[in-house]
Amino acid sequence: METVKCEFCGKTLTKDEAHYYEEGDIYACPECFKSEFVTCERCGAEIPSDDAYEGFGGHLCEYCHDDLFG
């Protein structure tokens, strides 16, 4: 089985166990994914919390933020 390393905590896990964020080529363990990523309230995309915008009582990805607020 192929293994990968969590970009946040360094834990080694199988590729099947890891969450993969394609845009940043990031693998995260389930625990770090839960704490480091949020879901866009508008389109449902999972994005790093550092890249999210606050809006509508939740988070927005850059695309939805720009679409709504220009």
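For this chain, numbers begin at 1 and follow the sequence in order.
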Notebook entry, point to check: Who passes side-chain contact (heavy atoms from CB on, under 4.5 Å) against E7, sequence neighbours left out?
Noted result: I26

Check: Just how far is it from atom CG of D51 to atom CD of E23, taken to the nearest 0.5 Å?
Finding: 7.5 Å

Notebook entry, point to check: Taking atom CZ of F8 and atom OG of S35, what is their separation to the nearest 0.5 Å?
Noted result: 7.5 Å

Next item on the list: State, with a plain yes or no, whether a side-chain heavy atom of P48 is found less than 4.5 Å away from one of Y21.
Entry: yes

Next item on the list: Kindly write out the residues that satisfy side-chain contact (heavy atoms from CB on, under 4.5 Å) with D50, not counting sequence neighbours, or none if the list is empty.
Entry: none

Note to self: Suppose we screen for side-chain contact (heavy atoms from CB on, under 4.5 Å). Which residues come up paired with S49, at least two apart in sequence or across chains?
What the structure shows: V38

Margin query: What I want to check is whether the side chains of H59 and E41 have a donor and an acceptor closer together than 3.5 Å.
Written below: no

Next item on the list: State plainly whether one hydrophobic cluster holds both Y53 and L68, where clusters connect Ile, Leu, Val, Met, Phe, Trp and Tyr through side-chain heavy atoms under 4.5 angstrom apart.
Entry: yes

Next item on the list: Can you sort out the partners of K5 under side-chain contact (heavy atoms from CB on, under 4.5 Å), two or more places apart, ordered by chain and number?
Entry: T12

Check: So which pairs with a foot in residues 57-70 pass salt bridge (Lys or Arg N to Asp or Glu O under 4.0 Å), sequence neighbours left out?
Finding: R42-D67

Margin query: I need the L60 CG to I47 CD1 distance, nearest 0.5 Å.
Written below: 7.5 Å

Next item on the list: Enter the distance from C40:SG to H65:NE2 here, rounded to the nearest 0.5 Å.
Entry: 11.0 Å

Margin query: What I'd like to find out is whether the side chain of Y20 reaches to under 4.5 Å of the side chain of V4, using heavy atoms alone.
Written below: no

Next item on the list: Heavy atoms only: give me the nearest C29-C6 pair and the separation to one decimal.
Entry: N-SG, 3.4 Å

Note to self: Taking ring-ring contact (aromatic ring centres under 6.0 Å, His included) as the definition, give me every residue that meets it alongside F33, ordered by chain and number, with sequence neighbours left out.
What the structure shows: H19, F37

Margin query: Are Y27 and L13 packed together at the side-chain level, in the sense that at least one heavy-atom pair is separated by less than 4.5 angstrom?
Written below: no

